[in-house]
Amino acid sequence: MPHALNEPILDWYADNARDLPWRRPDASAWAVMVSEFMLQQTPVTRVLPMYEAWLARWPTPTDLADAEPGDAVRAWGRLGYPRRALRLHGAATAIRDQHNGEVPDDHDKLLALPGVGEYTAAAVASFAFRQRHAVLDTNVRRVLARTVDGTEYPPQATTAAERRTAGDAMPLDDETAATWAVAIMELGALVCTARTPRCADCPVAALCAWRLAGKPPYEGPPRRGQTYAGTDRQCRGKLLAVLRDAAGPVPKTALDAVWEDALQRARALDGLVADGLVEPVADGVYRLPTGAPVNA
DNA sequence: CACTCGTGGAA
DNA sequence: TTTCCAAGAGT
């Protein structure tokens, strides 16, 4: 007997799905993978233009692997979390060198790629290769937390109980499970939103445990807000922006100009170098990574 | 497992 | 204005 969530959500998705480029039938597995990297912690509206430009420039994994990692970092622009650009380049390189240039369709092989974790491996296997996997992103976890568990928000980190819940809720055959995965994700993105859920438009409002319980407010460990101003992250962002906007190597004096605190600035720059996002060229000169071996 | 890692838009 | 948070991964 199918899970009660299946049919209403599949029907709702058939009528309400957004037309996103990575969902079109002609989207390659590589296109799906690129979209998933970009969508990590980043809203769809900001991803769309970068996604188009990226795939136009690097239509296949090998195209990206053959480019310098610094070009990937520069093309990432202001999407945020630029290590994703480096990891996507690393994933492309692994695909070129170990998978004959083709995105692997095996979940474990996907998981072994840099930048691919539990969610992204399941998403690519499901969306691109139409396999049955529990695709647990923030949207899906929130929908299941509300409809099944009766809580406003899921726990901070994904739990075994959530994986079991997701597995139980999935349709049994691969093709339907793949569609359902994107459908419940879309429901979370458009209707069962984090702040002001539109329960009046929800296809499963009638059976939602959280709504039926009177929408009890979230109780649990406070989800600590991420302050940003004055942090190392902001400093790293400023430094990397200088490197991105420059055509070539940049003298340290140009980096010194964008952040007051010298100690924090040095720490941030060290971090960027350690992450491989910045490469020291010569004494007091830095650039985006070339991929060439660094002579120590 | 708690923490780090960017950025910008909406409430 | 401040706060929240958006298709997470890696350590």
Side-chain angles (χ1 to χ4, degrees), chain A residues 17-18 20-23 27 31-51 73 76-88 90-91 110-128 133-144 152-160 162 166 178 181-190 192-198 218 221-244 258 267-268 270-272 274-278:
Chain A
R18 288 170 291 180
L20 299 172
W22 45 85
R23 287 183 188 162
V32 172
M33 177 172 285
V34 169
S35 78
E36 291 305 335
F37 269 75
M38 291 185 171
L39 286 163
Q40 291 168 5
Q41 299 288 284
T42 309
V44 167
T45 53
R46 282 178 51 209
V47 164
L48 281 170
M50 311 302 294
Y51 167 88
V73 173
W76 199 255
R78 304 189 63 80
L79 262 187
Y81 292 144
R83 291 188 294 190
R84 290 182 293 167
L86 227 44
R87 290 174 183 153
L88 183 51
L110 288 165
L111 198 54
L113 298 172
V116 177
E118 175 183 355
Y119 162 76
T120 301
V124 173
S126 177
F127 303 157
H133 294 281
V135 182
L136 280 172
D137 81 317
T138 185
N139 292 302
V140 175
R141 296 180 60 217
R142 187 174 56 248
V143 172
L144 292 176
E152 186 175 17
Y153 298 117
Q156 185 131 7
T158 304
T159 63
E162 286 184 274
V182 69
I184 188 173
M185 187 178 303
E186 188 80 333
L187 183 66
L190 299 183
C192 193
T193 53
R195 251 177 281 189
T196 313
R198 303 170 48 194
Y218 172 80
R223 313 187 284 162
R224 57 177 251 278
Q226 41 188 350
T227 53
Y228 183 61
T231 60
D232 285 9
R233 293 161 79 169
Q234 185 184 28
C235 182
R236 286 166 56 107
K238 297 257 191 205
L239 296 176
L240 196 62
V242 173
L243 277 294
R244 265 201 321 263
V258 298
R267 185 171 65 235
D270 282 349
L272 288 169
D275 289 344
L277 283 163
V278 173

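A, B, ... follow the sequence lines: proteins, then strands. Residue 1 opens every chain.
Between A:Tyr119 and A:Glu36, the closest side-chain pair of non-hydrogen atoms falls below 4.5 Å. Contact annotation: the side chain of A:Leu113 approaches that of A:Met33 to within less than 4.5 Å [non-hydrogen atoms, C-beta and beyond].
Here A:Arg78 lies in heavy-atom contact (under 4.0 Å) with sugar-phosphate atoms only. Using a 4.0 Å heavy-atom distance criterion, A:Phe127 is classed as making no nucleic acid contact. Among the protein residues, A:Trp22 comes within range of the nucleic acid bases, having at least one heavy atom under 4.0 Å from a base atom. At the heavy-atom level, A:Ala194 lies under 4.0 Å from the strands shown only through sugar-phosphate atoms. Using a 4.0 Å heavy-atom distance criterion, A:Leu86 is classed as making no nucleic acid contact. At a threshold of 4.0 angstrom between heavy atoms, the contacts of A:Arg141 with the nucleic acid are absent. Using a 4.0 Å heavy-atom criterion, one finds that A:Arg18 contacts the bases of the nucleic acid, with or without backbone contacts as well.
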(request) Test A:Tyr51 against A:Arg46 for side-chain hydrogen bond (donor to acceptor under 3.5 Å, both in side chains), laying out the working first. (result) CA-CA 9 Å; A:Tyr51 167 88; A:Arg46 282 178 51 209; over 6 Å; no

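For the atom pair OG1 of A:Thr42 and CD of A:Gln40, the computed distance is 8.0 Å after rounding to the nearest 0.5 Å. In this structure, the separation between CD1 on A:Ile184 and CZ on A:Arg142 is 10.5 Å, given to the nearest 0.5 Å. In this structure, OG1 on A:Thr120 lies 11.0 Å from CZ on A:Arg87, to the nearest 0.5 angstrom.
A:Phe37 places its CZ atom 15 Å from the C1' atom of B:dC5, with the value rounded to the nearest Å. For the pair A:Met185 CE and C:dA7 C1', the computed distance is 5 Å after rounding to whole Å. Taking atom OH of A:Tyr228 as the reference point, atom C1' of B:dC5 lies 10 Å away to the nearest angstrom. One interatomic measurement links the two molecules: CG of A:Leu240 to C1' of B:dT7, which rounds to 12 Å at whole-angstrom precision. If you take CG of A:Asp275 and C1' of B:dT4, they are 10 Å apart, rounded to a whole angstrom. Atom CG of A:Leu190 is separated from atom P of C:dA6 by 13 Å (rounded to the nearest Å). In this structure, A:Leu277 atom CG and B:dT4 atom P are separated by 18 Å, rounded to whole Å. When the C1' atom of B:dC5 is taken as reference, atom NZ of A:Lys238 falls 17 Å away, rounded to whole Å.
Two residues, A:Ala157 and A:Thr231, neighbour DNA chain B, and the one matched to the more 5' nucleotide by heavy-atom proximity is A:Ala157. Each of A:Gly77 and A:Thr196 lies near DNA chain B, and the nucleotide nearest A:Gly77 is the one positioned closer to the 5' end.
Counting heavy atoms of neighbouring residues, nucleotides and ligands inside a 6.0 Å radius, atom CZ of A:Arg198 does not exceed 12 of them.
Nearest to the side chain of A:Arg233, among B:dC5, B:dG9, B:dT7, sits B:dC5. For A:Asp232, the listed nucleotide lying nearest its side chain is B:dC5; candidates were B:dT7, B:dC5, B:dG6.
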Below 3.5 Å between N/O atoms, which protein atoms pair up with nucleotides 8-11 of chain C? Just atom names and distances, please.
unit_1	atom_1	unit_2	atom_2	d
C:dG8	OP1	A:Thr138	N	3.4
C:dG8	OP2	A:Gln41	N	3.0
C:dG8	OP2	A:Gln41	NE2	3.3
C:dA9	OP1	A:Gly117	N	2.9
C:dA9	OP1	A:Thr120	N	2.9
C:dA9	OP1	A:Thr120	OG1	2.6
C:dA9	OP2	A:Tyr119	N	3.3
C:dG10	OP1	A:Gly115	N	2.5

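Checking side-chain atoms of A:Arg84 against main-chain N and O of A:Phe37 turns up a donor-acceptor pair under 3.5 Å.
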